[in-house]
Every structure is written in C-alpha cells, then in structure tokens.
Amino acid sequence: MNYQWYPGHMTKARRMMQEDMKLIDLVIELIDARIPFSSRNPDIDELGKNKQRLILLNKADLADERRTEAWADYFRKKGFYVVKLDARAKNGMKTVGSMIAEACREKIERDRKRGIKNRPVRAMIVGIPNVGKSTFINTYAGKACAKTGNKPGVTRGKQWIRLNKDVELLDTPGILWPKFDDQMIGLRLAVTGAIRDEILQTEEMALWLIGYMRKNYPGMLKQRYLIAEDGGTEENSSPENAEEVSGEWKKAEVALLAEIARVRGCRLKGDVPDYAKAAQLLIDDFRSGRLGRISLEEPEDAEKTK
Ligand code: G4P
C-alpha cells in the first residue's frame, strides 16, 4: 500500500501561520475524534509554543465515546484544554466558550492588572483539511457575528470575526497537512475521508477496516449487514474471484467483503462478487456513521508510534 499526497502551497501556508501566531493568544486545534493521532500534525506544537492551546475532538458524534474520553484524558495530561465536539451542532459551543475563557484566564487577569479592560482573547483555528474548521467557525460565530475591519498597526490585512465581547477569531483558519511518515497514518486518514480516495485502494481500505472491526468491534458488521462474522467465513472458505483482491489480506476479510457484496446485491457478470462496489458501500457506511460509532485509534497507538 502506498498512500501519498502532495499538496501545493504547503510552505507558504506554514509561513503565514507562523506570522498569524504573533497576533493571537490561543490556538484552537481541531482534530478528528476517530483518529486523534493521525489527524494531528505535530508541527503545531512548535508553531504554537508559548500560546494557550485548546484541542477540539471534532466529529465526536461518529467516534466511540469510551475512546474519545480516553483521548480527552490523554491530551489533558499533556496540558491542553479539551472539548469533545460535533461542530455542526450549536449546543456544544457554550462549552467551547467557557473553555476559551478558562484557557485564557491568566491573560485576562494580567490585562486587568495592567488596567486594560475588555480586550478580547484572540484565537486562531487550525487543523488538517476536512476536519471541520469552516463548519466550526460557522456554527460558533453564527449569524450574530460581526466581521471587524482591519486594525491599523496590529492586524493589517487580517479579518477578524468578533464572536462575542470576549473572543475574536482570525477569519482564515490555519491549514495543516497530515504527516504520513507511517503508512498506517495514511490508511486511517484515507478510511475517514480526510484524503482523497484512490479507486484502486478502496478495496484495501475496506479489507483493513473489516479486519480492524472484527478485532475491535466484534458484532457490528454482523448487526449492520446481517451476515455471519465468523464461522463459515474463516480461513478455509475461498470466495469466488477472491484472488483479485486478496493480495496480502487474510481470506477471512475477503470472505466477509464477499458476504457484504452478496447481501447488498453487488454482483458482476457471471454472478461473482463486485468487491469494489461492496468496498465503497462499506467505507461510505463507516464515514456516515451508519456502521455505528467507531474509532480507529487509541491513545496507546500514539505512544507506540513514538
Ligand atoms: P474544513 O473547513 O476543515 O476543510 O472542513 P469542513 O468544515 O468543510 O467540514 C468537512 C466535512 O465534515 C463537512 O461535510 C462537514 O459537514 C463535516 N463535519 C464537520 N464537523 C463535523 C462533525 O463534528 N461531525 C460530523 N459528523 N461531520 C462534521 P460535507 O460538507 O458534507 O462534506 P462531505 O461530507 O461531502 O465530505
């Protein structure tokens, strides 16, 4: 497997983010709650040093709650403020607001002592593409927000969104690119839809997901597709045209994909399973949450990869 991605403008975006850092008090970093390790670009730790840090575990509605809680603990222990979030829902925004105030309490206190009153906290949103940055800004800011104009000297050329009397948000989010020095990171990013699908790789993604689910979420595939997850699908069974997809994969995973193809009517000429179609169906079901709430990483994975 080889997941590669070459975004343009990477250096320029990074340089801009470095400049923007000078203007802000707080970095609000969005990561995908299903893959908190893989969706996090560690460069942000260097870029955002000396700043207060808030991590939003976004798309938490799609993730396994128990694991999301474990991740929240993991980041809190590292000194971050953390909120679990569905960026599309208005109801989580109050918690974000209070967490911003808490994260910046010292700054607010310092301002007060110096006689500076009502200077809002300035924040910047950062995260990899597709993690939900624009969704978050829209939900948080809502219609009530007012864009403030350029402020000579300090924010020339920058647009700020005044969220309320306490917080101003830099209008353009900082885009970070995922790092894939490890092929597993690329795979998890691909499965969640963070990077573009390569048609040829959909089947590999699906087979990997099946293997992962059998191990970590037994019973969920069975529940969704009404298929046998074990027994009859083990090593000894060899579905038709399996050699086309099997490669390095175990027969059990291929057999399960064949089962999904069968129950969902994904057939090719000659009544053989259409693995590509079944794989796409499975991946779409995962991404939309129809398979259930599933996370693909645990904090131990992050420690292992160090
Ligand atoms: P970006 O600015 O960081 O690039 O991401 P953006 O807000 O555009 O969000 C990407 C997709 O993720 C959007 O789906 C958005 O609705 C979805 N999304 C964002 N936050 C959440 C969340 O907390 N939970 C869930 N379930 N989805 C979230 P989209 O516009 O429909 O795009 P797509 O689904 O067609 O890829």
Side-chain angles (χ1 to χ4, degrees), residues 5 7-10 12-14 16-17 20 27-41 43-44 47-48 54-65 67-69 71-72 75 82-97 99 123-143 145 147 159 161 163 169-180 185 188-199 201-202 205 209 220 224 280-297:
W5 196 44
H9 311 302
M10 213 158 115
K12 188 171 168 234
R14 208 192 127 98
M16 245 176 81
M17 215 183 300
D20 288 344
V27 178
I28 303 177
E29 181 188 355
L30 269 85
I31 56 181
D32 186 325
R34 296 166 298 172
I35 48 165
F37 175 67
S38 296
S39 61
R40 189 158 195 262
N41 182 326
D43 285 355
I44 191 62
L47 280 165
L54 169 61
I55 285 198
L56 303 181
L57 285 163
N58 196 37
K59 307 200 183 184
D61 55 300
L62 298 172
D64 171 344
E65 280 168 291
R67 288 200 187 180
T68 305
E69 195 45 54
W71 277 108
F75 287 115
V82 184
V83 178
K84 297 170 272 180
L85 200 69
D86 172 352
R88 301 162 311 164
K90 193 93 190 133
N91 58 12
M93 300 301 149
K94 230 177 151 170
T95 318
V96 177
M99 208 53 97
M124 175 166 68
I125 308 287
V126 301
I128 64 168
N130 228 18
V131 73
K133 296 178 296 302
S134 345
T135 308
F136 171 72
I137 293 175
N138 287 338
T139 311
Y140 196 171
K143 285 204 180 75
C145 79
K147 279 194 181 180
Q159 285 283 325
I161 303 170
L163 293 180
L169 204 64
L170 198 57
D171 175 357
T172 38
I175 301 172
L176 291 162
W177 276 271
K179 289 208 152 171
F180 333 175
I185 295 181
R188 292 183 194 126
L189 286 161
V191 172
T192 54
I195 53 176
R196 208 172 312 148
D197 292 348
E198 296 291 337
I199 292 144
Q201 291 170 344
T202 311
M205 277 156 45
L209 182 61
M220 270 177 128
R224 170 77 188 157
Q280 193 59 58
L281 188 141
L282 174 74
I283 295 291
D284 288 346
D285 280 352
F286 167 77
R287 288 179 184 163
S288 63
R290 285 189 295 265
L291 273 186
R293 297 177 64 158
I294 298 160
S295 296
L296 303 178
E297 288 176 344

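The residues of the chain are indexed from 1 along the displayed sequence. In each ligand, atom 1 is the first atom listed, and ligand 1 is the first ligand listed. Heavy atoms only: backbone and side chains are in, while hydrogens, waters and symmetry mates are out.
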Task: Non-hydrogen atoms of Asp285 and Arg224 that approach each other most closely - done: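 Scanning both residues, the minimum pair turns out to be OD2-NE, 3.3 Å.
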Task: Shortest non-hydrogen contact between Met205 and Arg287, atoms and distance - done: CE-NH2, 3.6 Å
Task: Heteroatom proximity flag, Gly132 to ligand 1, N/O under 3.5 Å - done: yes
Task: ligand 1-proximal atoms of Asp61, by part, heavy-atom distance under 4.0 Å - done: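 Only the side chain of Asp61 comes within reach of ligand 1.
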TODO: Please work out whether any backbone atom (N, CA, C, O) or any side-chain heavy atom from C-beta onward of Leu62 is under 4.0 Å from ligand 1, and answer side chain, backbone, both or neither.
DONE: side chain
Considering all protein heavy atoms, does one lie under 4.0 Å from [atom]?
atom: atom 30 (O) of ligand 1; value: no
atom: atom 34 (O) of ligand 1; value: no
atom: atom 6 (P) of ligand 1; value: yes
atom: atom 14 (O) of ligand 1; value: no

Task: Crowding at NZ, Lys90 (>12 non-hydrogen neighbours, <6.0 Å) - done: yes
[options]: member with heavy atom nearest to [atom]:
atom: atom 2 (O) of ligand 1; options: Ala60, Ser134, Pro129; answer: Ser134
atom: atom 16 (O) of ligand 1; options: Lys59, Lys133, Arg88; answer: Arg88
atom: atom 10 (C) of ligand 1; options: Asn58, Asn130, Thr135; answer: Asn130

Task: Nearest-neighbour protein heavy atom for atom 23 (O) of ligand 1, which is reported as residue plus atom name and distance - done: Ala87 N, 2.8 Å
Open item on the list: Just to confirm my output: which protein heavy-atom neighbour is closest to atom 22 (C) of ligand 1, and how far is it?
Closed with: Asp86 OD1, 3.3 Å
- [ ] Indicate yes or no: does Glu69 engage Lys84 in a salt bridge with an N to O separation below 4.0 Å.
- [x] yes
- [ ] For side chain to side chain contact (heavy atoms under 4.5 Å, CB included), just list the numbers for Asn91 and Asp86, CA-CA rounded to whole Å, side-chain angles, deciding distance to a tenth of an Å, and then say yes or no.
- [x] CA-CA 9 Å; Asn91 58 12; Asp86 172 352; over 6 Å; no
Open item on the list: Against Leu30, only a single residue in Leu176, Asn58, Leu54 fulfils side-chain contact (heavy atoms from CB on, under 4.5 Å); can you say which?
Closed with: Asn58
Open item on the list: Do Leu296 and Leu209 have side chains that approach each other closer than 4.5 Å (heavy atoms only, starting at C-beta)?
Closed with: yes
Task: Under the ring-ring contact (aromatic ring centres under 6.0 Å, His included) test, residues paired with Tyr140 that sit two or more places apart - done: Phe136
